[in-house]
8 protein chains.
Amino acid sequence: GFAKIDHDRAKRQGFPEVIYCAGKTNEQIADIFAHLYQKSEQNIIASRATLENYQAVLAKVKDAKYDEFARIIYVDRDTMPIDDKRFILVMTAGTSDIPVAKEAGLTAQLMGNKVQYCFDVGVAGIHRLLSKKDLIDKANVIIVAAGMEGALASVVGGLANKPVIAVPTSVGYGASFHGLTALLSMLNSCAAGVAVMNIDNGFGAGRLASMINHMR
Amino acid sequence: GFAKIDHDRAKRQGFPEVIYCAGKTNEQIADIFAHLYQKSEQNIIASRATLENYQAVLAKVKDAKYDEFARIIYVDRDTMPIDDKRFILVMTAGTSDIPVAKEAGLTAQLMGNKVQYCFDVGVAGIHRLLSKKDLIDKANVIIVAAGMEGALASVVGGLANKPVIAVPTSVGYGASFHGLTALLSMLNSCAAGVAVMNIDNGFGAGRLASMINHMR
Amino acid sequence: GFAKIDHDRAKRQGFPEVIYCAGKTNEQIADIFAHLYQKSEQNIIASRATLENYQAVLAKVKDAKYDEFARIIYVDRDTMPIDDKRFILVMTAGTSDIPVAKEAGLTAQLMGNKVQYCFDVGVAGIHRLLSKKDLIDKANVIIVAAGMEGALASVVGGLANKPVIAVPTSVGYGASFHGLTALLSMLNSCAAGVAVMNIDNGFGAGRLASMINHMR
Amino acid sequence: GFAKIDHDRAKRQGFPEVIYCAGKTNEQIADIFAHLYQKSEQNIIASRATLENYQAVLAKVKDAKYDEFARIIYVDRDTMPIDDKRFILVMTAGTSDIPVAKEAGLTAQLMGNKVQYCFDVGVAGIHRLLSKKDLIDKANVIIVAAGMEGALASVVGGLANKPVIAVPTSVGYGASFHGLTALLSMLNSCAAGVAVMNIDNGFGAGRLASMINHMR
Amino acid sequence: GFAKIDHDRAKRQGFPEVIYCAGKTNEQIADIFAHLYQKSEQNIIASRATLENYQAVLAKVKDAKYDEFARIIYVDRDTMPIDDKRFILVMTAGTSDIPVAKEAGLTAQLMGNKVQYCFDVGVAGIHRLLSKKDLIDKANVIIVAAGMEGALASVVGGLANKPVIAVPTSVGYGASFHGLTALLSMLNSCAAGVAVMNIDNGFGAGRLASMINHMR
Amino acid sequence: GFAKIDHDRAKRQGFPEVIYCAGKTNEQIADIFAHLYQKSEQNIIASRATLENYQAVLAKVKDAKYDEFARIIYVDRDTMPIDDKRFILVMTAGTSDIPVAKEAGLTAQLMGNKVQYCFDVGVAGIHRLLSKKDLIDKANVIIVAAGMEGALASVVGGLANKPVIAVPTSVGYGASFHGLTALLSMLNSCAAGVAVMNIDNGFGAGRLASMINHMR
Amino acid sequence: GFAKIDHDRAKRQGFPEVIYCAGKTNEQIADIFAHLYQKSEQNIIASRATLENYQAVLAKVKDAKYDEFARIIYVDRDTMPIDDKRFILVMTAGTSDIPVAKEAGLTAQLMGNKVQYCFDVGVAGIHRLLSKKDLIDKANVIIVAAGMEGALASVVGGLANKPVIAVPTSVGYGASFHGLTALLSMLNSCAAGVAVMNIDNGFGAGRLASMINHMR
Amino acid sequence: GFAKIDHDRAKRQGFPEVIYCAGKTNEQIADIFAHLYQKSEQNIIASRATLENYQAVLAKVKDAKYDEFARIIYVDRDTMPIDDKRFILVMTAGTSDIPVAKEAGLTAQLMGNKVQYCFDVGVAGIHRLLSKKDLIDKANVIIVAAGMEGALASVVGGLANKPVIAVPTSVGYGASFHGLTALLSMLNSCAAGVAVMNIDNGFGAGRLASMINHMR
Ligand SMILES: Nc1ncnc2c1ncn2[C@@H]1O[C@H](COP(=O)(O)O)[C@@H](O)[C@H]1O
Ligand SMILES: Nc1ncnc2c1ncn2[C@@H]1O[C@H](COP(=O)(O)O)[C@@H](O)[C@H]1O
Ligand SMILES: Nc1ncnc2c1ncn2[C@@H]1O[C@H](COP(=O)(O)O)[C@@H](O)[C@H]1O
Ligand SMILES: Nc1ncnc2c1ncn2[C@@H]1O[C@H](COP(=O)(O)O)[C@@H](O)[C@H]1O
Ligand SMILES: [Mg+2]
Ligand SMILES: [Mg+2]
Ligand SMILES: [Mg+2]
Ligand SMILES: [Mg+2]
Ligand SMILES: [Mg+2]
Ligand SMILES: [Mg+2]
Ligand SMILES: [Mg+2]
Ligand SMILES: [Mg+2]
């Protein structure tokens with residue numbers, strides 16, 4: 001009754017509807033999850049999920065797993081082929097940005113991509129980033145998660161000759177305004193063609209990176 | 001003296017530095033343009049250019065052309081191969097968004113892409129958009145330029161199974177806040193994985209679309 | 001002492017003053033509720049009420065009911081005639097917007113209107129909305145509750161030939177800014193004549209829809 | 001080529017597409033206007049038009065008229081019936097709000113409504129408003145245009161038992177922020193069910209008022 | 001050590017320094033309060049105080065009282081003369097604004113003024129306010145506390161021929177932005193010469209009203 | 001027709017309605033001015049007036065004068081008694097704030113007050129202010145006009161034992177945001193009881209100061 | 001794995017990387033701290049630390065100390081020479097600003113500087129500040145921490161002939177917007193050359209003051 | 001009359017008051033300039049000056065010079081000693097930031113400092129910056145002027161072991177919000193201890209750099 005699940009989505013967009021848990025009751029989440037699980041044969045993802053949400057899902061779907069860091073409930077049926085040569089690189093400016101990076105990375109993995117991580121290479125010590133130049137060169141798509149002033153996106157955008165997806169994070173305080181500063185900074189990147197996501201939107205970054213990584 | 005042109009950029013990123021004309025004098029623009037023209041054998045682009053800027057450039061570079069709509073000065077040496085099967089689709093919500101769409105489209109063309117346009121298909125009359133479904137299906141990458149509430153990006157993002165790049169435009173008045181509303185709207189798109197650019201940043205959209213379109 | 005209840009309101013505006021519970025003590029709410037209950041013979045509504053508020057009211061007014069979803073305490077005396085042919089359609093973009101929709105719907109019902117709901121028809125899967133076209137055509141007034149980018153209001157506004165009342169919800173995160181983005185988006189709707197309410201103001205939407213639905 | 005006129009709109013919504021002139025060239029406006037003029041037999045409206053826009057239109061459509069105050073180019077074919085008993089009342093807080101009121105009023109007239117005006121009845125001298133109580137009582141729908149703090153909308157909303165459509169205007173300075181303060185004020189009206197439009201959006205108010213006034 | 005109490009203030013400004021409790025430890029508050037209590041013979045006020053703060057003060061100053069509504073700890077030595085003919089009128093738009101009104105009123109009382117209250121006379125039912133016209137006429141200074149759109153300040157400002165001090169309150173939700181809308185609204189009052197205070201700053205309003213009320 | 005002049009205002013508030021010229025045509029201003037001039041025997045004020053506005057007024061009212069600095073058109077009939085002992089002190093932080101100060105001062109003068117000015121005593125050189133301590137002590141009411149960070153209001157508020165009216169000015173650049181910073185700064189003054197006006201609202205400050213100065 | 005500690009920083013910038021604790025787990029903090037402790041022979045600092053963070057660190061590094069006020073975990077090896085003649089003066093406007101001042105002061109001390117404090121000298125009682133003129137004259141660098149309107153920075157900036165570092169604090173309420181007002185105010189200081197830090201960024205102020213104090 | 005020049009400033013702060021020209025008339029500027037020129041024997045600076053301002057000054061002070069780029073009128077009496085070993089390095093991200101850099105540099109020069117420039121080394125091509133590492137190492141103080149996302153400040157802040165003064169510029173468009181994004185970005189720099197100035201405030205940066213450069 002309460003939900004109109006978009007069952008056509010897997011056909012239309014290659015992946016079933018992803019459940020956004022915030023603002024839904026445990027019952028609603030478990031119902032939708034179970035429904036998708038039965039109707040689809042692909043992987044299932046529920047984002048922004050709490051442990052409590054997970055327990056409600058688990059009672060209905062025994063295969064469901066939970067990644068506390070990425071705040072994702074998922075079923076991994078491993079049905080999708082993974083191209084091991086083309087990987088998505090997920091970078092963070094600091095250690096505190098890792099949860100958003102994990103949300104992006106796990107989303108991309110569940111959508112059939114190889115993912116590599118490179119954490120804590122913020123621009124305050126630029127040599128850390130420069131020493132990762134070959135990883136940047138080998139990657140097929142890059143996701144950059146950074147809070148505070150978000151400068152990492154511009155520097156990576158200037159070094160890489162491939163799509164860079166910038167995810168501002170809410171890491172910081174005061175005039176970081178819960179990620180707004182990083183968001184604005186990334187939108188104004190002097191490196192041309194950086195794609196920007198909503199604050200803390202690791203999921204969207206993973207989804208876009210996956211779409212690009214599947215192109216040939 | 002005054003400029004450190006990034007001559008390495010063509011090698012690093014496959015295309016020479018693009019000149020951002022706003023805030024530069026005619027002399028500075030003409031100097032940088034002439035310099036890039038001599039050092040590179042690729043196409044040259046100067047964005048956000050006025051007619052006056054163009055005249056200064058033309059005095060030094062006879063091949064330079066100007067697209068008044070897109071506000072771009074360029075040299076088109078046609079050196080880059082164009083893949084005619086994979087095209088970038090540039091859509092607008094209204095007629096007033098066309099200049100931004102043209103900035104995106106011309107940038108992409110000069111970077112070696114086939115471009116198709118589809119103007120004035122905003123969501124107030126959704127049948128106009130739905131009748132373009134097969135164009136959406138055939139495109140390789142889609143750019144959506146929209147002002148006011150920018151809802152077109154979400155609807156296209158939900159219909160397409162390929163990267164959608166959203167460019168908010170400053171079209172509108174009052175609480176459109178010169179494009180801020182469209183920008184925020186696109187960042188919060190309920191369609192997963194929409195990439196967002198700065199307000200009126202057709203150039204960035206064209207550059208990103210080109211990078212994605214060149215992947216294989 | 002502390003409150004000047006507007007007893008003249010039922011006469012002036014056809015419905016007694018509605019109590020806004022936030023920021024009032026249990027005692028104040030119960031006192032005002034009991035007062036209105038005695039002085040009026042119509043339905044009584046208290047909005048933004050907690051369960052605790054309800055218990056205080058119940059101790060004084062045995063007929064009082066509580067709808068936890070809509071956060072409304074009410075007395076339903078069924079005194080007002082309901083026209084079954086003209087109904088108000090309340091739509092939501094997602095499942096998380098349902099509470100606001102319920103506040104609007106219950107308010108309208110208690111003011112003497114037939115209400116129909118249609119949840120989870122957001123624009124990321126536009127076919128869900130299009131399949132409800134005849135419901136849109138039959139409705140007399142439409143309320144649209146949506147968070148994130150709030151694009152549903154524009155699409156419905158473009159499809160319907162009747163008043164559309166848009167209620168932005170605080171559903172979303174990051175640059176949704178607690179509903180501000182949906183609010184701005186709806187104010188800039190490219191569909192002409194969409195009426196906008198404050199963020200999460202289901203009550204106001206229900207009240208306006210009722211006034212319009214009672215016109216002849 | 002450049003525009004996809006929504007010819008279906010008159011059928012779908014009872015009135016042809018209205019042209020938003022800002023950001024369009026004279027040629028574009030004249031072309032679209034002439035096109036609509038030929039395809040439709042109803043009244044034609046182009047809003048936010050300059051005198052220059054008008055001259056371009058006039059060269060193609062001899063019947064076109066221009067209201068400089070309302071900034072509207074229009075063709076009045078008088079094809080639509082007008083119900084003289086049900087009128088829309090358009091009120092302003094000050095003299096400087098009149099242009100927005102005229103945009104609303106003329107739009108409503110061209111859509112087949114009787115319109116009455118009541119200017120300069122702002123709350124700084126409340127007796128001026130109270131002396132118009134019977135006009136408020138007789139009207140079928142009310143539009144309130146006010147800048148500065150926009151308080152008139154709340155007071156009228158509390159006096160009237162019919163839909164009140166509030167249009168914030170950009171009249172004011174400093175912390176009026178070009179109409180933002182009036183907009184926010186109207187969204188937070190303590191009078192229940194006031195409908196709010198974008199800043200200076202007289203057109204939208206006229207359109208909504210017309211839709212409500214045509215209901216029976 | 002930690003505080004430089006401004007002992008000169010009573011001499012300079014007729015009343016001792018008032019302690020702002022937020023952000024101070026219980027010990028700091030109690031120390032400063034005790035210090036002022038010993039050095040001065042006038043009334044002592046500590047604002048924004050919690051019950052816990054009060055208990056710490058009480059342990060050191062047996063005469064200290066606490067008004068939970070006004071969030072004020074005080075010592076009332078009744079040393080100051082009160083002129084019974086000139087009173088300060090404190091009005092509120094709704095019931096939820098009463099705490100701010102009480103902060104203003106108690107501050108003014110402790111500074112030697114007669115205070116009268118008039119609650120819940122918001123503009124949604126303007127007759128409630130108009131019926132208090134003679135109270136407005138008799139008052140010497142008026143304080144208006146209102147949240148949501150804060151329109152009461154303008155209406156009172158237009159009725160009264162005496163200083164009106166407007167205090168926006170954080171009552172409301174959504175686009176009330178915790179009092180910002182009421183603040184902006186009051187700053188743009190079309191009634192000339194309304195004095196505005198910070199959001200919820202009942203203390204400042206009481207202090208200013210007292211200064212004006214003491215003039216002759 | 002177009003204006004409902006509030007002729008009752010002089011009786012109700014001791015001074016006729018003041019015309020706000022921005023957004024009015026020359027004809028409208030001249031008409032209202034002439035009307036007030038005939039119906040009232042007091043001074044007449046039109047604020048925010050241009051030289052062009054003045055010429056239109058002068059054609060109808062030979063007595064009208066214009067103060068270009070204060071942007072005020074006025075008729076000075078000298079009908080109101082002036083108390084020479086009680087003066088209003090108008091201070092500015094810099095030289096660029098003088099126009100706002102003049103708007104305040106002239107308004108107050110025309111409303112029957114003695115005014116003294118003290119310009120350019122901003123806090124960057126605090127000795128300039130301290131050397132004016134006796135002027136501060138002798139004044140009855142103080143108006144402080146300051147832009148940039150507006151700190152002068154707090155320092156004067158801490159020195160004076162009388163009402164201080166703060167007018168933020170739009171003097172400054174960058175993060176002064178056209179006066180917003182000075183406005184916010186003054187609202188948060190650590191000196192208790194500073195009254196704040198809208199940005200550049202010298203008129204309101206003069207009006208409030210006059211009301212306070214007339215109390216006894 | 002998760003962190004790329006910038007071990008080169010001590011060599012490059014004279015002090016090891018400072019750990020920003022917010023958003024990190026206890027394990028991450030303890031690991032990084034222990035790592036830095038072993039690799040470096042200088043003092044170690046972790047900012048924005050909770051007591052719980054400290055306990056986790058203490059389990060691994062016995063020498064670690066915690067300053068609850070400054071929210072800093074540190075190891076003080078006293079390896080750096082301290083010049084006793086050149087001191088950094090840390091001033092606050094109120095008592096509530098002390099925690100930020102302590103963060104600044106302790107940071108500077110651990111980086112090898114002599115620090116003096118001067119609390120509660122805000123501009124509401126300017127004589128308190130003026131009586132500290134010789135401290136201002138003797139200091140080598142000055143840090144000013146102030147909330148609300150932050151005016152202290154301007155006054156000190158005008159008195160001192162040495163670098164003044166302004167740290168806005170989040171002390172205040174309502175339109176202080178969690179420190180934004182103080183931040184904007186300090187950025188617009190009419191005293192030339194005041195350096196501004198992020199809201200509550202005592203750490204950054206201490207670091208900058210230390211760098212300046214070490215120059216010769 | 002109109003200005004209270006702070007003649008004590010040269011004694012107090014080592015340099016005479018600098019005239020801020022915006023909002024002053026030509027006469028006012030010329031008067032103050034001439035006054036300072038006579039009373040002081042040091043260099044004189046007027047910032048934010050137009051060519052027209054300069055002509056007015058020149059008529060009174062024959063020695064006055066004008067730098068159109070830096071928008072500064074000045075008298076260079078060369079009275080102050082310049083230490084040639086300690087220089088201030090002024091860097092820009094792009095060519096469009098040069099005017100702000102020149103305002104900073106000329107201010108510093110006139111206050112007795114050696115200045116070196118390094119333009120157009122923005123992070124989109126980081127090798128340009130890295131190739132200037134020895135200039136960074138040799139400088140005594142660094143000023144970084146950057147618009148758009150302002151990332152250059154963080155990268156330089158991480159490379160340099162000396163005070164870095166960041167000046168956000170208004171270069172950019174859309175969500176650069178006239179320099180606000182660069183400002184916020186710089187305030188949140190992950191490089192510790194970066195000092196931030198108001199948008200486009202080259203003057204303040206030059207003044208602070210000079211104060212630091214004169215320390216020993
Ligand atoms: N309280 C603080 N405020 C601002 N920046 C800080 C603070 N503490 C540490 N930092 C900086 O944050 C960076 C460490 O970030 P992370 O790698 O996440 O630990 C370092 O470059 C520090 O200079
Ligand atoms: N400069 C001003 N700033 C603010 N309010 C003003 C100003 N001048 C006049 N007013 C007020 O604006 C109202 C007139 O508005 P209007 O009817 O549009 O002329 C009157 O109530 C005046 O009190
Ligand atoms: N949920 C709501 N949202 C907005 N306004 C409301 C709501 N509930 C009641 N009101 C209005 O708030 C006013 C009552 O305020 P009060 O006197 O504080 O109870 C009435 O005029 C109602 O029309
Ligand atoms: N229209 C544009 N919008 C955003 N960035 C641009 C634009 N045009 C050029 N750029 C970027 O701006 C930088 C050039 O800045 P500048 O050195 O000032 O010319 C280059 O890195 C370009 O990638
Ligand atoms: Mg790190
Ligand atoms: Mg169109
Ligand atoms: Mg759904
Ligand atoms: Mg009027
Ligand atoms: Mg009430
Ligand atoms: Mg001055
Ligand atoms: Mg204190
Ligand atoms: Mg460049």
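Residue numbers start from 1 in every chain, and the chains themselves are labelled A, B, ... in the order their sequence lines are given, proteins ahead of strands. What's counted below: heavy atoms across the whole structure, side chains too, no hydrogens, waters or symmetry copies.
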- [ ] Under 4.5 Å heavy-atom distance to chain F, tell me which part of G:L180 shows up: side chain, backbone, both or neither.
- [x] neither
TODO: With chain F as the partner chain, list the residues of residues 192-211 of chain G whose heavy atoms fall under 4.5 Å from it, by residue number, and write 'none' if nothing qualifies.
DONE: none
Open item on the list: Between G:F177 and chain F, with a heavy-atom cut-off of 4.5 Å, which part of the residue counts as in contact: side chain, backbone, both or neither?
Closed with: side chain
Open item on the list: Within this structure, what is the OG-CD distance for the pair F:S189 and G:E149, rounded to the nearest 0.5 Å?
Closed with: 5.0 Å
Open item on the list: Heavy-atom pairs under 4.5 Å with chain G: which of F:G172, F:S176, F:G157 has the most?
Closed with: F:S176
TODO: For F:A175 and G:L187, work out which heavy atoms get closest and say how close.
DONE: CB-CD1, 4.4 Å
Task: Choice from F:C190, F:G122, F:A191, F:G158 maximising heavy atom contacts with chain G below 4.5 Å - done: F:C190
Task: Separation between CD1 of G:I126 and CG of F:L129, rounded to the nearest 0.5 Å - done: 8.0 Å
Open item on the list: Heavy-atom pairs under 4.5 Å with chain G - which of F:V123, F:T181, F:V156 has more of them than the others?
Closed with: F:T181
- [ ] Hey, could you give me the CE/OG distance between G:M148 and F:S185, rounded to the nearest 0.5 Å?
- [x] 12.0 Å
Task: Flag if over 12 foreign heavy atoms under 6.0 Å of CD, F:Q116 - done: yes
Open item on the list: Under a 4.5 Å cutoff for heavy-atom pairs, which residue among F:L183, F:L159, F:V155 has the most contacts with chain G?
Closed with: F:V155
- [ ] Examine whether an atom of F:L152 lies under 4.5 Å from a heavy atom of chain G, and if so say whether it belongs to the side chain, the backbone or both; otherwise answer neither.
- [x] neither
